[in-house]
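See structure below.
Naming: A, B, ... by sequence-line order, numbering from 1 per chain.
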Amino acid sequence: MDKELAKTYNPQDIEDRLYKKWEDKKYFSAKVDKSKKPFTIVIPPPNITGQLHMGHALDNTLQDILIRFKRMQGYNALWQPGTDHASIATEVKIIEQLKKEGIDKDDLGREGFLERAWQWKEEYGGRIISQLKKLGSSCDWDRERFTMDEGCNKAVTEVFVNLYNKGYIYKGSRIINWCPVCHTSISDAEVEYEEQAGHFWHIKYPIVGEEGFVEIATTRPETLLGDTAVAVNPEDDRYKHIIGKHVLLPIVNREIPVVADSYVDMEFGTGVVKITPAHDPNDFEVGKRHNLPEINVMNDDATINENGGKYAGMDRYTARKLLVKELEELGLLVKIESHNHNVGTHDRCNTTVEPMIKPQWFVKMDELIQPAIEAVKSKEIQFIPERFDKIYFNWTDNIRDWCISRQLWWGHRIPAYYCQDCGEVMVAKEAPATCSKCGSTKLVQDEDTLDTWFSSALWPFSTLGWPEKTEDLDYFYPTDVLVTGYDIIFFWVIRMVFSGYEHMGKKPFSKVLIHGLVRDAQGRKMSKSLGNGIDPLEIIDQYGADALRFTLVTGNAPGNDMRFHWERVEASRNFANKVWNASRFIMMNLEKAKTEETIDESLLTIADKWILSKANKLVKETTENMESFELGIAVQKIYDFIWEEFCDWYIEMVKPRLYSDTDETKVAALWTLEKVLLISLKLLHPYMPFITEEIFCTLQEMLGRQEAESIMISAWPEYEAKYEYSKEEEAVELIKAAVKGIRNVRSEMNVPPSKKATVIVVSESDKIRDIFTESKVFFATLGHSDNVIIQENKAGVPDNAVSTVVPGVTVYMPFEDLVDIEKEIERLNKEKERLEGELKRVKGMLANENFVKKAPESKIAEEKAKLEKYTDMMNQVLERLAQFSK
RNA sequence: AGAGCCAUAGCUCAGUUGGGAUGAGCGUUCGCUUGACGUGCGAAAGGUCAUGGGUUCGAGCCCCAUUGGCUCUACCA
């Protein structure tokens, strides 16, 4: 490594090199060590089909910050990585790929297809991992897992068998969302509703044995073929008389009953609903309540089946068209209205889903969910921010049984075996050789695979070795924090929670840190179809991973969405550059002068004590912020401290001492610079790991010291009571106020910094004069003065000198002809007005009896101090004005 | 339909337990070859904290209502 930092900060030069070092040195590795406390995060496993997007970047940046922070604090920090097989997403991709080669999935057969899928996994599964590495993620890669690796498979089978034996998993015919293109059932969560312009067809159903009709309205006329009833609301006076009678289903000519069900909305449509239990979820429920037959009229590809009579074989939409035409010819079509309605589509392929009755496997949720509800209620598991527990409960309170079977090949095959001879169903970890009932050897395994979330639900413990009783599991479980987006609470978080309680008897994690979405500059979701996505890798290429991470975590509160602006990345890069150059400056000076590791603290000046005190306070506050997951607040404080306090004030204060050959406190300045820089770098490291590491190592090399091989395994700074210098802090703040006043006056009077001038500090207070005397060395430079005179009274101050007022002090600048007295009077009047406002507020408060009676002591004291301060300043201003009016 | 969130400077957003909004970044205006940095330094302008009530000595923050915007869940045949 170079002993010197490059002149300009260039992230490309350092990031890959440092990451390689960290990996080679195994800094990310976490091994069971009972002498240390564990801190564990499991990564939300990205899909093997995935490409790093801004959501991943945010999610993983947050995790890495927490892990690096805890690691430095001395925890045994494990970030458990891995990837998800993402059953349907991957299968869809592979089918697409096959299609390009002109191959049909079914031609390959199950074995052949799976072979292709594994090839895909080998080829692309690692891509997202290398992208996570570019971000700086400090995962323990030696522990990388995959939801379909041997251990996870074992866990899945174990769980399935356990739940089945306990009666929580059952097979049943239910109405499910069917994708006619993917040929699989999909869960409710995978259905997206989009509003589409459609029609309302009003159709007459003749009443059997009477004159007349009932009029129904439907958006899907083709489902008429499967109608087994019509329903009315029992309270509806219009239709009470026909309840229990029958109507004749047109075209099909089937007599179907009129049933009464409160599900029917009297206000909507005609108040009469056709009931098609096999093709509508609500109708299915109505059908169950009234014992109606379920007539499936569709094939798996959404063509009409043999139950559709002459419509058999037609596509559902063709059938719709022809059926409407036939109704019209029969004179049974009353009218067609335009009607916008929500149509469910499959989120992977955008096909309109078809509700169908299919035998599927389900997890019974009502009992399993109870501990998961209790855990959040009792705060054993906490959401950050807290408000997300409402969203969680909104879901748990309305939970329905979980359909876990998928008619796919890529995934965990359901461990159920059917006897071809007697029909016995056997669920077992190992394929049975013979039927447990009839002894037949003709057994076949269920063709279906499990919902991809079935395996991710086990992720917090399957990755640590479960179902084996491993040391890792014992030590690292339950994990500490789960970091994820709010969009995934119901898919994943809930399922991990109940699974943790059910299989481990313990919660999977204690805290759930929720973040929002990264949107584009206009606030839209980033999506492929809009083409408004920003590639995190492009940002890393241009500005560095540190800048990206910093951007993602700055100015954002947990759970809130954020907009992406390139300007913000630039601002982050500028900050990195600032840190780089400040470090360069410090190192330049340290190199010239020999410094020691310890210092005679009597050499510390007021300025040194001020910055040490500030840094000390920063350590305390940011550590607390980070412990309560207020990362945005912490990073803002670190930024402000480094840029403003440290660079703009302290470094400038110290320059005269650094450039002096005689100042005996020079060594204290150097010592302080080094110490505060180290604290700053360490606090910043979780947010900007690369640049801080580069500087840390270069600095150590240069000084010939080694606190640690890497900043990432160095000790997190700790608050030290001895560096609490409140007197010096206050004193320097007074000097700063005076300097600001001087700069303000000079700026308003158009006196350029190059024009050095005498400054006369007048204060009656010995204490204050001492402070200025002590600070003279930097006060002069910062105030662009070549001559600072400190005195008790105004003796010798020219009448036309301009001034600035701070508590206890008036600072005069005799600029002679450079100033315009009118302007000075105007300035003083402005200041007077401001002080009048302040005084009015403070006096009003203190004059309020109730305030004095009820407010806390400290608040009253605070206000009294302000009153004193403003009164003093006001007197000084008035005195000056009086002088000019003479 | 149910639930949740948001409304603070021109723009994008912070604001932890209620205690003058010296808020941040960007943008704007003025000045600066100050020996780390112009990806910089200094100064300044810019806010009735959506509206109306309430609680409180005191409200951007707590409570209620209203308006506007967004999201999730459910889904109407």
Minimum-distance nucleotide to A/Arg519 side chain [options: B/U71, B/U73, B/G20]: B/U71
What nitrogen or oxygen pairs link the protein and nucleotides 75-77 of chain B at under 3.5 Å?
residue, atom, partner, partner atom, Å
B/C75, O3', A/Asn282, ND2, 3.3
B/C75, N3, A/Asn342, ND2, 2.9
B/C76, OP1, A/Asp280, OD2, 3.4
B/C76, OP1, A/Asn282, ND2, 3.4
B/A77, OP2, A/His339, NE2, 3.0
B/A77, O5', A/Thr219, OG1, 3.2
B/A77, O3', A/Thr218, OG1, 3.2
B/A77, N6, A/Asp265, O, 2.8
B/A77, N6, A/Phe268, O, 2.5
B/A77, N1, A/Asp265, N, 3.2

Aromatic ring proximity A/Phe550/A/Tyr543, centre distance under 6.0 Å: no
Integer angstrom distance from the C1' of B/C75 to that of B/U17: 42 Å
Selection from B/G20, B/G25, B/A36 that lies nearest to any side-chain heavy atom of A/Glu838: B/G20
Picking from A/Asp227, A/Asn282, A/Thr228, what satisfies side chain to side chain donor-acceptor pair (under 3.5 Å) with A/Thr276? A/Asp227
Once you measure the plane-to-plane angle for A/His202 and A/Phe200, does it fall in the parallel (<30°), tilted (30-60°) or perpendicular (>60°) bin? perpendicular
Give a yes/no answer on whether the side chain of A/Trp643 brings an N or O atom under 4.0 Å of OP1 or OP2 in B/C37. no
Measure CZ/A/Phe646 against C1'/B/A36 and give the value in whole Å, please. 12 Å
In whole Å, what is the span from the CG atom of A/Asn398 to the P atom of B/G4? 13 Å
Distance check needed: B/G42 P versus A/Lys736 NZ, whole Å only. 11 Å
Write down the protein N/O and nucleotide N/O pairs, taken from nucleotides 55-62 of chain B, whose separation is under 3.5 Å; answer none if there are no such pairs.
residue, atom, partner, partner atom, Å
B/C57, OP1, A/Lys854, NZ, 2.1
B/C57, O2', A/Asn848, ND2, 2.8

What protein N or O atoms touch nucleotides 11-18 of chain B N or O atoms at under 3.5 angstrom, if any, and at what distances?
residue, atom, partner, partner atom, Å
B/U12, O3', A/Arg563, NE, 3.4
B/C13, OP1, A/Arg563, NE, 3.3
B/C13, O2', A/Gly555, O, 2.7
B/A14, OP1, A/Asn560, ND2, 2.8
B/U16, O2, A/Glu630, OE1, 3.1

Integer angstrom distance from the P of B/U8 to that of B/G15: 14 Å
For A/Asp487, which contact category applies under a 4.0 Å heavy-atom criterion: base, sugar-phosphate, or nothing? nothing
Tell which nucleotide pairs with B/U48, taking only Watson-Crick or G-U wobble pairs whose two distances are both under 3.5 angstrom. none
So which of A/Arg519, A/His515, A/Lys525 actually passes side chain to side chain donor-acceptor pair (under 3.5 Å) with A/Asp561? A/Arg519
